[in-house]
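Not measured: the values here are computed from a predicted model.
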Amino acid sequence: MKLLLILLFLGLNLLGLGQTRGCQSLHEGKFKITTKETGTTIFTRTKNLQIEENSDFGFKMIFNVTWIDDCTYVLRPKKVTKGDPSLMGKKGNFLTIRIKDVKENSYVGVTTSNFFDTTLEFKIEVLK
């Protein structure tokens with residue numbers, strides 16, 4: 001009986017560690033979001049920056065990235081390098097993304113913002 005309890009405890013701890021490592025594996029890389037409304041956006045995230053490009057709408061933007069915890073980060077618009085400069089929005093705007101569910105080749109991101117009340121949920125494909 002003690003062995004069963006120890007195995008159960010270890011198994012639950014390993015599951016918790018696996019989720020943390022799953023989010024950490026998404027801190028940097030190349031990703032893709034495709035929606036009916038916005039087409040396809042490809043983005044590359046490094047330690048401090050996220051560069052998003054959408055050829056359907058003809059824009060390329062750079063965001064500052066700040067990780068709040070292993071599975072939550074904040075994006076702040078830094079610069080529009082291609083497309084309409086109004087995409088920057090008002091100074092002080094930011095998006096908060098919480099990684100909800102990590103799969104082998106994708107994750108679900110839940111996005112909130114300080115400039116709209118809607119919560120958006122996206123499936124994001126991991127490219128590399």
Side-chain angles (χ1 to χ4, degrees):
M1 183 68 158
K2 285 183 184 181
L3 179 61
L4 181 60
L5 288 174
I6 290 170
L7 289 174
L8 178 62
F9 178 75
L10 287 173
L12 290 174
N13 280 331
L14 289 174
L15 284 173
L17 290 173
Q19 288 176 336
T20 301
R21 279 195 301 261
C23 289
Q24 287 179 346
S25 71
L26 302 169
H27 285 207
E28 296 184 29
K30 189 171 184 175
F31 309 92
K32 177 171 81 169
I33 300 174
T34 302
T35 70
K36 196 172 21 172
E37 297 78 22
T38 62
T40 299
T41 302
I42 304 287
F43 61 98
T44 303
R45 189 166 43 243
T46 64
K47 183 177 179 180
N48 299 313
L49 296 175
Q50 181 164 303
I51 301 167
E52 298 188 5
E53 189 163 10
N54 183 306
S55 57
D56 297 321
F57 284 86
F59 73 81
K60 185 173 184 179
M61 288 184 69
I62 300 172
F63 295 85
N64 288 316
V65 176
T66 305
W67 286 91
I68 296 171
D69 60 40
D70 284 343
C71 295
T72 309
Y73 60 99
V74 174
L75 294 177
R76 296 181 192 283
K78 180 176 181 172
K79 184 177 183 183
V80 175
T81 60
K82 179 181 175 186
D84 185 354
S86 71
L87 290 170
M88 287 288 292
K90 293 181 181 177
K91 186 175 181 168
N93 283 355
F94 64 88
L95 300 165
T96 302
I97 298 89
R98 181 178 54 85
I99 298 170
K100 179 178 169 182
D101 185 26
V102 179
K103 304 258 189 222
E104 187 176 337
N105 296 313
S106 67
Y107 68 94
V108 174
V110 178
T111 303
T112 57
S113 165
N114 70 331
F115 57 91
F116 61 83
D117 293 331
T118 306
T119 298
L120 303 172
E121 192 170 296
F122 297 101
K123 180 180 178 185
I124 298 140
E125 184 180 343
V126 178
L127 300 178
K128 57 176 168 170

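Remark: F63 engages no residue in a ring pair (Phe, Tyr, Trp, His ring centres under 6.0 Å) (not counting sequence neighbours).
Across F31 and L26, no two heavy atoms sit closer than the pair CZ-O, 3.6 Å. In this structure, R76 and G92 approach most closely via the heavy-atom pair NH1-O, 4.5 Å. Closest non-hydrogen pair, I99 versus W67, comes out as CD1-CH2, 4.0 Å. Of all non-hydrogen atoms in F116 and T118, the two that sit nearest each other are CE1-O, 2.9 Å. The shortest heavy-atom contact between L95 and S113 is CD2-CB, 3.8 Å.
Checking side-chain atoms of T46 against main-chain N and O of L49 turns up a donor-acceptor pair under 3.5 Å. Looking only at distances, a side-chain donor or acceptor of S25 sits under 3.5 Å from a matching main-chain atom of G22. Distance alone, capped at 3.5 Å, places no donor-acceptor pair between the D101 side chain and the Y107 backbone. No side-chain donor-acceptor contact under 3.5 Å links N64 to the backbone of P77.
Taking hydrophobic clusters as Ile, Leu, Val, Met, Phe, Trp and Tyr residues chained together by side-chain heavy-atom distances below 4.5 Å, L75 shares a cluster with I124. Grouping the Ile, Leu, Val, Met, Phe, Trp and Tyr side chains by contacts below 4.5 angstrom, directly or via other members, places L120 with F43. Placement of I51 and L87 in two distinct hydrophobic clusters is found when ILVMFWY residues are connected by side-chain heavy-atom separations under 4.5 Å, directly or transitively. A single hydrophobic cluster is seen to contain both M88 and F59, as judged by linkage of ILVMFWY side chains at heavy-atom distances under 4.5 Å, directly or through other members. In the hydrophobic clustering of ILVMFWY residues, with side-chain heavy atoms under 4.5 Å counting as a link, I97 and V126 come out together.
In this structure, N54 CG and K32 NZ are separated by 12.0 Å, a value rounded to the nearest 0.5 Å. Expressed to the nearest 0.5 Å, how far NZ of K60 lies from NZ of K79 amounts to 10.5 Å.
No side-chain heavy atom of V110 sits less than 4.5 Å from a side-chain heavy atom of F122. Side-chain contact between N114 and N93 is present, with heavy atoms from C-beta onward closer than 4.5 Å. Between T81 and M61, the closest side-chain pair of non-hydrogen atoms is not below 4.5 Å.
Between the side chains of T34 and T40, at least one donor N or O lies within less than 3.5 Å of an accepting N or O. Between R45 and Y73, the side chains place a donor N or O and an acceptor N or O closer than 3.5 Å (distance only, hydrogens not considered).
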Inset, instruction - Just do the salt bridge (charged side-chain N to carboxylate O under 4.0 Å, His left out) check on K100 and E121 with the steps written out, would you? - result: CA-CA 9 Å; K100 179 178 169 182; E121 192 170 296; 3.1 Å; yes
Inset, instruction - Starting from the C-alpha separation in whole Å, work towards a yes-or-no answer on side-chain contact (heavy atoms from CB on, under 4.5 Å) for L127 and E125. - result: CA-CA 6 Å; L127 300 178; E125 184 180 343; 3.8 Å; yes
Legend entry - Worked check of side-chain contact (heavy atoms from CB on, under 4.5 Å) between K82 and E53: CA-CA 9 Å; K82 179 181 175 186; E53 189 163 10; 4.3 Å; yes
